[in-house]
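Below is one structure, written out as structure tokens; comments come after it.
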Amino acid sequence: MATSWQIRSGTPLPLGATPTDDGVNFAVFSEHATKLYLCLYSDAGEVLTRLPFPNKQRGIWHMEVADLKVGQHYAFRADGPFVPEQMHFFNPHKLLIDPYAKRLSERLVFHEEQVTQQEDGTLDNRDSGNVVPKSIVSHITPLEHKRPKSPETYQRSLYELHIKGFSQQLDIDPALQGTYMGACSAHAIEHLQQLGITTIQLMPCFAFADEVHLQQKGLSNYWGYNPINFFTPDHRYAIEDPVTEFQTMIATFHAAGFEVILDVVYNHTAESELQHGTTCYRGLDNAVYYRHQDGMYLNYTGCGNCLNTYHPASVRLICDSMRHWVEILGVDGFRFDLGVDLGREQHDFSPTAPLLQAILQDPILSQTTLVMEPWDIGPNGYQVGHFPRGFLECNDKYRDTVRRFWRGDTHTIPEFATRLMGSRDVFHKGHKCALHSVNYITYHDGYTLKDLVSYHRRHNLANLEDNRDGHTDNISQNFGLEGETDDLRIQQARINQQKCFLATLFFSQGTPHLLGGDEFSNSQLGNNNAYCQDNETTWLKWPKESRESDFSRVISELIALRQRFPILAEAFLPDDPLYQHKQSDEVSWFNEFGHPMSSSDWDDPERDFISLQLIESQSQTKLWLAFYREDLTLTAIPPNSSHFKSVLFSTDETIQLPENTVEFTRRSVLLVELNG
């Protein structure tokens, strides 16, 4: 290690710490800083030196320091105006993480010394050097391996998993439980392959921190939607090295044939509100990195701040981060948390917002799988169906309608039919195909599938918010008793209802999303907002053998049918300009008498039965799908058919099949292949 520091001009790009032939180039954006310092540390955290940046070009400070090596620990300090009414909070007493750091020395934990502004509004001069993770100069070898072929769009099925929750109670080496390596263990791979899903959607893996209020309550951020850095995998899922182990996990998933997309949080950071820690972006250039107005953050995320994705520096940061996760760490795509915030211009949402357009024109990023959560809590924050065509969108209209139909709500048939056919009222014909709709019954933020049929109200007391958090309207039903029960009749009704939900999901036009654990009826005991429960509430309870574990078999059957009959995922209809270059399929709707649905049938508020016939144009395969949501016997007649060719799937093993009719003995979903 040099004792006299040889400084050269260096270059403004690439941003971050980049090893050179005989040193390290450092480049960091800060438009409004008047001075910027590079702080070098030993591996043990001892201060080695503080070097001022000599050069600034287009808002980027840069220099090259000779003789530094990969593995060098470093951080920044920034000086400049401290003018709260203008949202400038420069404070050289606060140590700052490099926004482009590829490795961090440890997890970030909140300490009072990180606060940049005292309660009276004046500058806080406590030094935070000992309580902020150090960035580490890194050269990460790109993940070199063969990616699997991307699934055909009609075949894609998403499976959402949490690294720790998925593997913490898996029957594997205890050293692997709860880790990247546990999530891709042989046992885990075998389970996912047997399900038949194509795409693993990982919950956030960016380095993240616990919110201050959780830390004070002795809780933690379990889900991970609170990032401190957009380039580094989090330490808590690693055995030793989070970067290498994350890459190994991706390579293992790929070798098993899975596409992998990562749930990413680019809408806010863990710096949160002004009275919380200053550890990176706020200290480097708060007025640029965050949206603000009249001396206050615009909190469109509900998390204390929101990133100003309208600014070129943020657009570059996010796109550089995405390319790093694709090209270096190996992922195949992204699911964007609170995506509307990424599509805002000055304030309002626009499908032509700079960040969205930057992603779609990028030759690397535009070829990845992109899924948007199409809302935030800001003005005009609900934008389902309004994103550019390069993005799939999570469709909560599908979730709510399907839940209402199976709960037995009145006046649901017309909208239920619309959701089955890809929500063409949202993803309009001629503009987007039905596969843009990511259909789901359950997601991480809400009830699990079992809890959806077991609880009428939320049970979130363990979150220590007096049961005031989480969704209030879950569109759930408990079948007569709240929570767990030994009543076999209620148990069977709940199992049957879950099968109906699953069958509806995989027989709907669009892209299906499955919540990990629903395949064996996992429960969170009624907690519908378990973001802070890093315990057995959220860790998947892997079953040995039970009736509920049979859901895995059901799902694998449903996925196999969907792949065998692509028309179940996407029908090419003659009135849709997107498909005028293809042979047209046929879709027809029928009542229980085998007659086409009449106006009075569609308008009947109490209607409990609907069916449709699908005719695939090229093969002339005829499928009949029937949905019945009552527990009273009903006899239905398939349309235009003298005999069944075969029953492909039924949620009810007791269903009766007299000639030319079907006797439904309880609520059911039935798929039949008809003779031509």
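Count residues from 1 along the sequence. Owing to the predicted nature of the structure, the values given are computational and were not obtained by experimental measurement.
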Practice problem: Please list, chain by chain and in numerical order, all residues satisfying side chain to side chain contact (heavy atoms under 4.5 Å, CB included) with Lys35, sequence neighbours excluded. | Solution: Tyr37, Asp79
Practice problem: Determine which pairs satisfy salt bridge (charged side-chain N to carboxylate O under 4.0 Å, His left out) with at least one residue from residues 529-540, sequence neighbours left out, and list them in order. | Solution: Lys164-Asp534
Practice problem: Could you list the residues that satisfy salt bridge (Lys or Arg N to Asp or Glu O under 4.0 Å) with Asp210, not counting sequence neighbours? | Solution: Arg107, Arg236
Quiz item: According to the ring-ring contact (aromatic ring centres under 6.0 Å, His included) rule, which pairs have a member within residues 77-117, sequence neighbours left out?
Solution: His32-His88, Phe82-Phe89, Tyr100-Phe231
Quiz item: Which residue pairs satisfy the salt bridge (charged side-chain N to carboxylate O under 4.0 Å, His left out) criterion with at least one member in residues 268-286, sequence neighbours excluded?
Solution: none
Quiz prompt | Residue list, side chain to side chain contact (heavy atoms under 4.5 Å, CB included) with Pro54, at least two apart or on another chain | solution = Ile7, Met63
Self-check item: Which residues share a salt bridge (Lys or Arg N to Asp or Glu O under 4.0 Å) with Glu64, sequence neighbours left out
Solution: Arg8
Quiz item: In chain order, what residues pass the side chain to side chain contact (heavy atoms under 4.5 Å, CB included) check against Thr301, with sequence neighbours excluded?
Solution: Asn267, His268, Asn299, Cys303, Cys306, Leu338, Asp341
Quiz prompt | Sequence-distant partners of Asp320, salt bridge (Lys or Arg N to Asp or Glu O under 4.0 Å), two or more places apart | solution = Arg323
Self-check item: Partner residues of Asp127 under the salt bridge (Lys or Arg N to Asp or Glu O under 4.0 Å) criterion, sequence neighbours left out
Solution: Arg77
Quiz prompt | Contact list for residues 87-104, test salt bridge (charged side-chain N to carboxylate O under 4.0 Å, His left out), sequence neighbours left out | solution = Lys94-Asp124, Arg103-Asp241
Self-check item: side chain to side chain contact (heavy atoms under 4.5 Å, CB included) involving Thr49 - partner list, sequence neighbours excluded
Solution: Trp5, Leu40, Leu51
